[in-house]
Amino acid sequence: MYLHAGCQIAVSPDTKYFAVDWLGVEVTRATLGIIGMGSIGYKVAQRARAFNMRILYHNRNRRRKEEEEAVGAHYCAKMEDLLQQSDFVMLVVNLTPETHKLIGKKELGLMKPTATLINISRGAVIDQDALVEALQNKVIRAAALDVTYPEPLPRDHPLLNLNNVIITPHIGTATVQAIRMMAEEAIANMLAVLNGQPIPSEVFPK
């Protein structure tokens, strides 16, 4: 949020000085709540630990004790408990009928007014109308979205005009290296099928 706005201030032709009271929010020692502790959520926790963040997580299945201890994560059986305690809430879930509009007006109302909602999963996991209302009324401090519904949003969508939201165009995996690794993984899976071998990344329906 502050990086984007700060860049605009730094390059603006109208800028004559930098305000000394323009302050952001500290990540170190803040509480991060991760909703969806699969492989990606766990990697987020590994990185967050480097910032000495307190890590809470909510997941369908609890991680093994050793995995929790490795990143210092604490399990919340109820998502509500995570929402109430977290300074940053990150959504890292698959989009399913159960997670469609997982975060709505009620859930946003449980969050701290100083909290930031981060979505790196799928846009439809959030009720966007409820999010607009929450951001407009300062129910939460801010949101950072790499995903929306639809993508891109209509150019007149109210989310695009709020100064307490930052939106990126679904670029969480948009690096040369990441795309190459995904292609290599897909090829390895296809070759395994063709050769009658176990599929490395097989997905089992629940």
Side-chain angles (χ1 to χ4, degrees), residues 1 4 32-48 55-63 71 73 75-83 86-111 115-136 139-162 164-183 185-186 189 201-206:
M1 209 76 58
H4 177 67
L32 170 65
I34 301 172
I35 299 177
M37 189 66 112
S39 59
I40 297 174
Y42 194 76
K43 288 183 184 297
V44 169
Q46 290 174 322
R47 287 154 175 77
I55 302 168
L56 307 177
Y57 79 96
H58 173 74
N59 202 44
R60 284 180 302 182
N61 303 304
R62 185 169 182 170
R63 284 268 184 173
V71 294
Y75 178 65
C76 292
K78 295 181 179 179
M79 186 175 71
E80 290 80 3
D81 293 337
L82 179 150
L83 293 171
S86 299
D87 299 303
F88 298 89
V89 174
M90 182 174 284
L91 302 172
V92 202
V93 296
N94 293 322
L95 178 59
T96 67
E98 291 73 33
T99 62
H100 182 259
K101 293 190 176 181
L102 179 70
I103 302 298
K105 184 172 184 176
K106 174 188 171 186
E107 291 73 25
L108 291 161
L110 290 171
M111 292 173 63
T116 297
L117 179 64
I118 304 165
N119 190 9
I120 62 169
S121 55
R122 289 293 183 270
V125 169
I126 297 176
D127 180 338
Q128 288 185 159
D129 292 337
L131 178 60
V132 168
E133 184 179 339
L135 291 169
Q136 288 174 334
V139 173
I140 63 172
R141 186 181 69 90
L145 313 172
D146 188 41
V147 288
T148 58
Y149 183 79
E151 292 176 351
L153 287 171
R155 297 296 86 187
D156 60 350
H157 196 283
L159 272 178
L160 301 180
N161 296 313
L162 296 173
N164 55 347
V165 61
I166 186 168
I167 302 173
T168 50
H170 205 146
I171 55 172
T173 58
T175 67
V176 172
Q177 294 86 348
I179 296 298
R180 180 183 294 275
M181 286 189 291
M182 286 191 285
E185 183 178 356
N189 279 275
S201 308
E202 186 169 5
V203 177
F204 298 95
K206 299 279 183 191

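Nearest heavy atom pair, residue I55 against residue A45, reads CD1-O, 3.4 Å. Between S86 and L82, the closest heavy-atom pair is OG-O, 2.7 Å. Closest approach of K106 and E80 over heavy atoms only: NZ-OE2, 4.2 Å. Scanning all heavy atoms of the two residues, the minimum distance from A77 to H58 falls at O-CE1, 3.2 Å. Across all their heavy atoms, V93 and I35 have their closest contact at CG1-O, 3.3 Å.
The structure places CE of M181 at 9.5 Å from OG1 of T173, a figure rounded to the nearest 0.5 Å. The distance from the CG atom of D129 to the NZ atom of K101 is 6.5 Å, given to the nearest 0.5 Å. Rounding to the nearest 0.5 Å gives a distance of 6.0 Å between CG of L131 and CG of L145.
Residues I140 and N164 are not in side-chain contact: their nearest non-hydrogen atoms beyond the backbone lie 4.5 Å or more apart.
Within 6.0 Å of atom OH in Y149, 12 or fewer heavy atoms from other residues, nucleotides or ligands are found, so the atom counts as exposed in its surroundings. Other residues, nucleotides and ligands contribute only 12 or fewer heavy atoms inside 6.0 Å of the CD1 atom of I40. Applying the 6.0 Å contact sphere to CZ of R122 captures no more than 12 heavy atoms from other residues, nucleotides or ligands.
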Kindly indicate, with the supporting measurements, whether the criterion side-chain contact (heavy atoms from CB on, under 4.5 Å) is fulfilled by L91 and V147.
CA-CA 11 Å; L91 302 172; V147 288; over 6 Å; no

Test side-chain contact (heavy atoms from CB on, under 4.5 Å) on V125 and L95; report intermediate values, then the result.
CA-CA 6 Å; V125 169; L95 178 59; 4.1 Å; yes

Verify side-chain contact (heavy atoms from CB on, under 4.5 Å) between E185 and N189, making sure each step is shown before the conclusion.
CA-CA 6 Å; E185 183 178 356; N189 279 275; 3.6 Å; yes

Walk me through it: do E107 and M111 pass the test side-chain contact (heavy atoms from CB on, under 4.5 Å)?
CA-CA 7 Å; E107 291 73 25; M111 292 173 63; over 6 Å; no

Enumerate donor-acceptor pairs with a distance under 3.5 Å from any side-chain N or O in residues 154-161 to protein atoms, sequence neighbours excluded.
unit_1: R155; atom_1: NE; unit_2: L153; atom_2: O; d: 3.2
unit_1: R155; atom_1: NH2; unit_2: L153; atom_2: O; d: 2.9
unit_1: H157; atom_1: ND1; unit_2: L159; atom_2: N; d: 3.1

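Figure legend: cation-pi geometry between R63 and Y57 absent, as NZ or CZ is not positioned both under 6.0 Å from the six-membered ring centre and within 45° of its axis.
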